[in-house]
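None of the values given here were measured: they were computed from a predicted structure. Chain letters run A, B, ... following the sequence lines, proteins first and then strands; every chain starts at 1.
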Number of protein chains: 2
Amino acid sequence: MSDTLDKKPSRIQLRNRRRIMDAALDVFSQHGYRGATLDQIAITAGLSKPNILYYFAGKEEIHVTLLSQLMETWLDPLIEMDADGDPLGEILAYVQRKLDMSRDLPRESRLFANEILQGAPRMGAHLQSDLKPLFDEKCAVIQGWMNRGQLAQVNVHHLIFSIWSTTQHYADFEAQISVLEPGKDTYTDATQTLKQMFTALLTL
Amino acid sequence: MSDTLDKKPSRIQLRNRRRIMDAALDVFSQHGYRGATLDQIAITAGLSKPNILYYFAGKEEIHVTLLSQLMETWLDPLIEMDADGDPLGEILAYVQRKLDMSRDLPRESRLFANEILQGAPRMGAHLQSDLKPLFDEKCAVIQGWMNRGQLAQVNVHHLIFSIWSTTQHYADFEAQISVLEPGKDTYTDATQTLKQMFTALLTL
DNA sequence: TCGTAGATTTACCAATTGGTAAAAAACGGA
DNA sequence: TCCGTTTTTTACCAATTGGTAAATCTACGA
């Protein structure tokens, strides 16, 4: 039995757990929770379905585990924003990190988007306990910059929403972009345009 | 039998077809294609499952019909953009129309987002045949404005992507926003912030 | 009012779903 | 090498899925 409080996960446990997580990320990010099947995850992971249920108690536990791990990755770029750094530089660097995540971790972005789209039924609590405090903290930091005259006055909540939406768009709506911009170096142009946009918005 | 080429749809046909479409919009937009079930749609519509299959050939036909109808609604705000109008005014009005659509038609926005997230398996053709030409046309219009010195020089593709992402974000990620901004008048602030943002970006 | 086309229900079905029990196999330390 | 533990497979299951056939009911024009 593989309880959450086992002493030492064996090498096999570690390898297979990771395989399952990776396969689940594939499947859940493409079809959403209800559209994903254990059989698909099993096939993708190269394991049998009962074997997967040997490592995880059920479909929901796999999904929840995935979302928990994702939350850390997801908050990281915002955590790095430094209150003592150069205001515009810090925000542009944050935009850059978010854009890099869309390019390098598109599955994670889509998993997150799927969950929120469906009303965050399995992540509402995490949003409240993890995202909300961080969001409030960093909003205060940016508001401080604005109050000190280091940035133009903009509604801070919606500034952050616009950073999230513009950057994540490139992962979540890739299917659309690839139709409209076939064969283009999308991320290079996006980097340039978003930098220009937020500079124009925030420069006094 | 109710073929596509029936002479006259009866009052009952019209009413039930609309009911089914509405219920399907509810269910598909919340769970995606694979996560939605005919039983759910039937219950939501207040009809029996076989009765629904009397009006539509199957689950896929319901979904495809929904997406086709949606495409028209979706392209409308962009079609209205007038090459002979005031450049900045036209773009800000477009942003406003898209934002209004997020507020008034959130289910449609999420249905669209779900489909694109999953790789647009049932809409790729529509994107190519309907969206792409319109996109190219309007990009040319905006590029013309920029070339004539009526707007600041910005990558036009990514300008439009940023309009889509920032406005649709308010419908698609509502579950997240409602956690971070409880009890706020989100759309009023969004309108103001987005207007400020695109004005700053596009003013010379 | 009556006949019929249109609309709805009842009773199914095969395939797929998430999940289980238990046997079999592989592993690893003594 | 042996023995107990961990891992994997085989063989299932009940519930749900999309979908069908046919009987039944209902609306409505002649």
Side-chain angles (χ1 to χ4, degrees), chain A residues 1-28 30-67 114 118 121-122, chain B residues 1-28 30-67 114 118 121-122:
Chain A
M1 198 47 74
S2 61
D3 262 352
T4 320
L5 290 176
D6 264 352
K7 15 197 155 182
K8 295 224 174 177
S10 71
R11 235 170 290 115
I12 295 179
Q13 287 241 357
L14 242 54
R15 172 175 54 88
N16 282 353
R17 271 207 142 91
R18 215 170 295 156
R19 269 204 211 180
I20 294 169
M21 285 286 103
D22 193 65
L25 179 57
D26 255 38
V27 177
F28 280 127
Q30 213 171 94
H31 300 292
Y33 180 73
R34 294 189 48 181
T37 70
L38 284 180
D39 295 86
Q40 258 182 292
I41 295 172
I43 289 168
T44 308
L47 299 170
S48 68
K49 185 166 61 176
N51 203 179
I52 279 186
L53 292 167
Y54 170 75
Y55 290 101
F56 291 90
K59 184 184 178 181
E60 182 147 15
E61 197 189 271
I62 299 177
H63 194 242
V64 166
T65 305
L66 215 47
L67 288 176
N114 255 308
Q118 286 162 29
R122 268 164 278 278
Chain B
M1 200 42 77
S2 62
D3 262 351
T4 320
L5 289 177
D6 264 355
K7 14 197 156 182
K8 295 227 173 175
S10 72
R11 237 171 291 115
I12 295 179
Q13 287 240 359
L14 242 53
R15 171 173 57 87
N16 283 352
R17 271 205 142 91
R18 215 169 294 154
R19 270 203 209 181
I20 293 169
M21 285 286 103
D22 193 67
L25 179 56
D26 255 38
V27 177
F28 280 127
Q30 213 170 93
H31 300 292
Y33 179 74
R34 293 189 49 181
T37 70
L38 284 180
D39 296 87
Q40 260 182 291
I41 295 173
I43 289 169
T44 307
L47 299 171
S48 69
K49 185 166 62 177
N51 202 178
I52 280 187
L53 292 167
Y54 170 75
Y55 289 101
F56 291 91
K59 183 184 179 180
E60 182 147 14
E61 198 189 272
I62 298 177
H63 195 240
V64 167
T65 304
L66 216 45
L67 288 176
N114 254 310
Q118 286 161 29
R122 268 164 278 278

Sequence neighbours left out, what passes side-chain contact (heavy atoms from CB on, under 4.5 Å) with [X]? Give chain and number order.
X	value
A/Asn16	A/Ile12, A/Arg19, A/Leu47, A/Tyr55
A/Ser48	A/Pro50, A/Asn51
B/Ile43	none
A/Ala24	A/Phe28, A/Ile41, A/Ile62, A/Leu66

Given C/dA21, C/dA7, D/dG18, identify the nucleotide with an atom nearest to the side chain of B/Lys59. D/dG18
Length of the line joining [X]:[atom1] and [N]:[atom2], which is rounded to integer Å:
X	N	atom1	atom2	result
A/Leu47	D/dT8	CG	P	7 Å
A/His31	D/dT17	NE2	P	18 Å
B/Asn51	D/dG19	CG	P	15 Å
B/Asn16	C/dT8	CG	P	5 Å
A/Leu53	D/dT7	CG	P	15 Å
B/Lys49	C/dC12	NZ	P	15 Å

Taking salt bridge (Lys or Arg N to Asp or Glu O under 4.0 Å) as the cut-off, I'd like each qualifying pair that reaches into residues 42-52 of chain A, sequence neighbours left out, listed once. A/Asp39-A/Lys49
Partners meeting salt bridge (charged side-chain N to carboxylate O under 4.0 Å, His left out) with A/Arg34 (sequence neighbours left out): none
Who pairs with A/Arg122 by side chain to side chain donor-acceptor pair (under 3.5 Å), at least two apart in sequence or on another chain? A/Glu60, A/His63
Protein-nucleic acid N or O pairs under 3.5 Å, nucleotides 23-27 of chain D:
none

If I compare all heavy atoms of B/Phe56 with all of B/Arg17, which pair ends up nearest, and what's the gap? CZ-NE, 3.9 Å
With a cut-off of less than 4.0 Å, is there a side-chain N or O of [X] near OP1 or OP2 of [N]?
X	N	result
A/Tyr54	D/dT9	no
A/Gln13	D/dT7	yes
A/Ser48	D/dT9	yes

Ordered by number, residues from residues 18-27 of chain B within less than 4.0 Å of DNA chain D (heavy atoms) are none
Nearest 0.5 Å please: distance from the CD1 atom of A/Ile20 over to the CG atom of A/Leu25. 13.5 Å
Can you confirm whether A/Arg15 is buried at CZ, in the sense that more than 12 heavy atoms of other residues, nucleotides or ligands lie under 6.0 Å from that atom? yes
Here the residues of residues 32-43 of chain A within 4.0 Å heavy-atom distance, strictly under, of DNA chain C are A/Ala36, A/Thr37, A/Leu38, A/Asp39
